[in-house]
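A quick write-up on the structure given underneath.
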Amino acid sequence: MQHFHFLHQLQRCARFHFPTEGRKLHAHIIKIGLYDCSLKLCNNLIDMYGKCGLLDDALQLFDEMHHRDLASWASVFTAHNEANQPQKTLLLFPNMFLDGLWPDHFVFASVVKACANSGALRVGKQVHCQFLKSVFSVDDVVKSSLVDMYAKCGLPDNAKSVFDSILVKNLICSSAMISAYARCGRKNEAFALLGELGEKNLQCWTALISGFVQNGNLIDAVDVFLEVRREGVDMRDPFILSSIVGACASLAALQLGKQIHRLVLGLGYECSLFVSNALVDMYAKCSDIVEAKKIFDSMLTRDIVSWTSIIVGMAQHGQAIEALSLYDDMILAGLKPNEVTFVGLIYACSHVGLVNKGKSLFKSMIDDYKLSPSLQHYTCLLDLYSRSGHLEDAENLVNTMPFQPDEAVWAALLSACKQHGNTEMGVRVANRLLILGPKDPSTCILLSNTYAGAALWDNVSKLRKQLANLEVRKEPGYSSIDSGKETTTFYAGEALYPMKDAIFSLLKEFDSEMRKRGYIPDTTFVLHDMEQQEKERQLFWHSERLAVAYGILRTVPGSVIRVVKNLRICGDCHTVIKFISSITNRKIVIRDANRFHHFNEGACSCNDFW
DNA sequence: TTAGGGTTAG
């Protein structure tokens, strides 16, 4: 009798997330000696701890158990999944076989979920095979999780074949399938499946919208969101709100983002951790780092994503010291950094030339936090060395890191050689790049200019041929500017654009004023085999200049001009915009493919290295 | 005891 009472109470604590009461029950169970004799009680305790977010307690109890059954394993897997530690589930999984147990449908479902959330496709496929050979192969819940796994791993056709094998389809597996299509860009199939559903719920719409966001199909994501709004669907849900805020972040659509923020406030979701994290990131990515920090400061609870978002945001906006100081606050607050936090931190160091600090953070990441650095971490460290002129350390790192350096890595090193005038290393690096066969036209230009600088004309002509043969053309450069009511986009060198004559005259005026102040166009960002005048003409039409000039003509004097560019800003435009900020006394913020540049009084927050 | 939708880098 007593036994059933405890089971019931534990299930209640698990369901309503009452950790304190759950712990008390545990103590009571031990006290009256029920603990050792009931497997079922132990399994329910693990489940309760997992659902209450107390993974360590769940794990401790699990480790202490003398005998475990399938339910014990399934509960501990679910506890890890709930704590967002799917990799741990997969590490534990093989140990289950050592207990002499073979997975049932509960274990299959939780292990497949772990594969889905950690992108472990190979293990997922193995588990799928085991499932098909098992007596549970008709279980629809496991099939639902398999659809989700293939969706998250980017294999919509595999997802579809599992989906087709489900006899009675419900909204859960259909949402997973819609997500599979949306996140790989198969828009029509996603819409068609959604249309087939008799009754839809918010999850289906969220699956579609967030799938589009993840795929970069941002305009469709916003369109669907607005349509769902018009249909009067209740949006009081943190999932859909954080997803659409994320779309605004990627679009750098500050005005739309502000509208969604007002909606969030209206619906009372400003306290949702996911939503406020997304808002912090959105404001940072929409170039309003001040508002991002305000939201961060106003948050009552903050997790590692909140801290990482603001640290990365600060680093990208060139506020490195603040980023590092926020990290200290985060550690004091008792949070543990993750891989993404360290990307932001090392990035911050590279922008103020804190070589030793960056090195020690990299070391701390490995030694103190047992995180394994990825190629991105090495790239950040490389940037730190390169930027600070530690070229030998940089070259050494590229040669010794446990990753095959790709074109971007070599190109970054080559660019640093150019920046610091090290021709000897430049040629050495260029030779490595030449063997690799550069694919990006801007790498070819960099290479060609390096060889031209060293008078190695044979290589120059080889590269010209290679560039002519490159099938992949460079993505056309464009910049957009949000003037409050509308967004206007400018493409490099285009002949027709709004206010063409006024922009042309203004840029001409700037050009003559800048030359008086000592400006010399830097044409090394253009291929060498052109006449000087033609090179200068090419630079003159770069999209960011058109957008900035338009901004000066169309916005209120004194307001901040915010421009978003799809590619990296070129060195000459960077110089020009510094001049423009000083001539016009305007603050100009440009988000390029990599980072933010805050131009003010003739200087840029990136300290001229990016 | 199991399954679907969300946030952070590059």
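All figures in this text were calculated on a predicted structure; none of them were measured in a lab. Below, chains carry the letters A, B, ... as their sequence lines are ordered, and counting in each starts from 1.
- Separating the CG atom of N84(A) from the P atom of dG5(B) is a distance of 13 Å, rounded to the nearest angstrom.
- A close approach under 4.0 Å does occur between a side-chain nitrogen or oxygen of Q316(A) and OP1 or OP2 of dG10(B).
- Regarding F108(A), its CZ atom lies at a distance of 16 Å from the C1' atom of dT1(B), rounded to whole Å.
- Residue S179(A) is out of contact with every strand shown, counting any heavy-atom pair closer than 4.0 Å.
- Residue Q376(A) has its side chain nearest to dG10(B) when only dT7(B), dG10(B), dT1(B) are considered.
- In this entry the distance linking CD of E82(A) with P of dG4(B) reads 10 Å, nearest Å.
- K40(A) comes within 4.0 angstrom of no nucleic acid atom, judged by non-hydrogen atoms across all strands.
- In this structure, F131(A) has its ring center no closer than 6.0 Å to that of H105(A).
- Taking atom CD1 on I46(A) and atom P on dT2(B), their separation rounds to 13 Å, with Å as the unit.
- Rounding to whole angstrom units, CG of residue L382(A) and P of dG10(B) are separated by 15 Å.
- At the heavy-atom level, S110(A) lies nowhere under 4.0 Å from the strands shown.
- Residues that satisfy the salt bridge (charged side-chain N to carboxylate O under 4.0 Å, His left out) test with K152(A), not counting sequence neighbours, are D148(A).
- A cation-pi contact, defined as under 6.0 Å to the ring centre and within 45° of the axis, links R68(A) to F62(A).
- Side-chain N/O atoms of K113(A) include one lying less than 4.0 angstrom from OP1 or OP2 on dG4(B).
- In this structure, F296(A) has its ring center closer than 6.0 angstrom to the ring center of W307(A).
- The separation between L197(A) atom CG and dG5(B) atom P is 15 Å, rounded to whole Å.
- The residue L375(A) sits apart from the nucleic acid: no heavy atom pair falls under 4.0 Å.
- Between K40(A) and D47(A) there is no salt bridge, since none of the side-chain N atoms of the basic residue sits less than 4.0 Å from a carboxylate O of the acidic one.
- Close to dT2(B), at under 4.0 Å from its OP1 or OP2, lies no side-chain N or O of K143(A).
- Across all strands shown, D281(A) has heavy atoms under 4.0 Å from sugar-phosphate atoms exclusively, and none from any base.
- Between K51(A) and dT2(B) there is a side-chain N or O to OP1 or OP2 distance below 4.0 Å.
- Closest contact between the side chain of Q214(A) and the listed nucleotides dG4(B), dT7(B), dT1(B) involves dT7(B).
- Among the heavy atoms of the strands, none lies under 4.0 Å from D303(A).
- Distance CH2 (W73(A)) to P (dT1(B)): 19 Å, rounded to an integer number of Å.
- At a threshold of 4.0 angstrom between heavy atoms, the contacts of N44(A) with the nucleic acid are absent.
- Residue K152(A) places at least one side-chain N or O closer than 4.0 Å to OP1 or OP2 of dG5(B).
- Taking 3.5 Å as the limit, the base of dG5(B) and the side chain of N201(A) contain no donor-acceptor pair of atoms between them.
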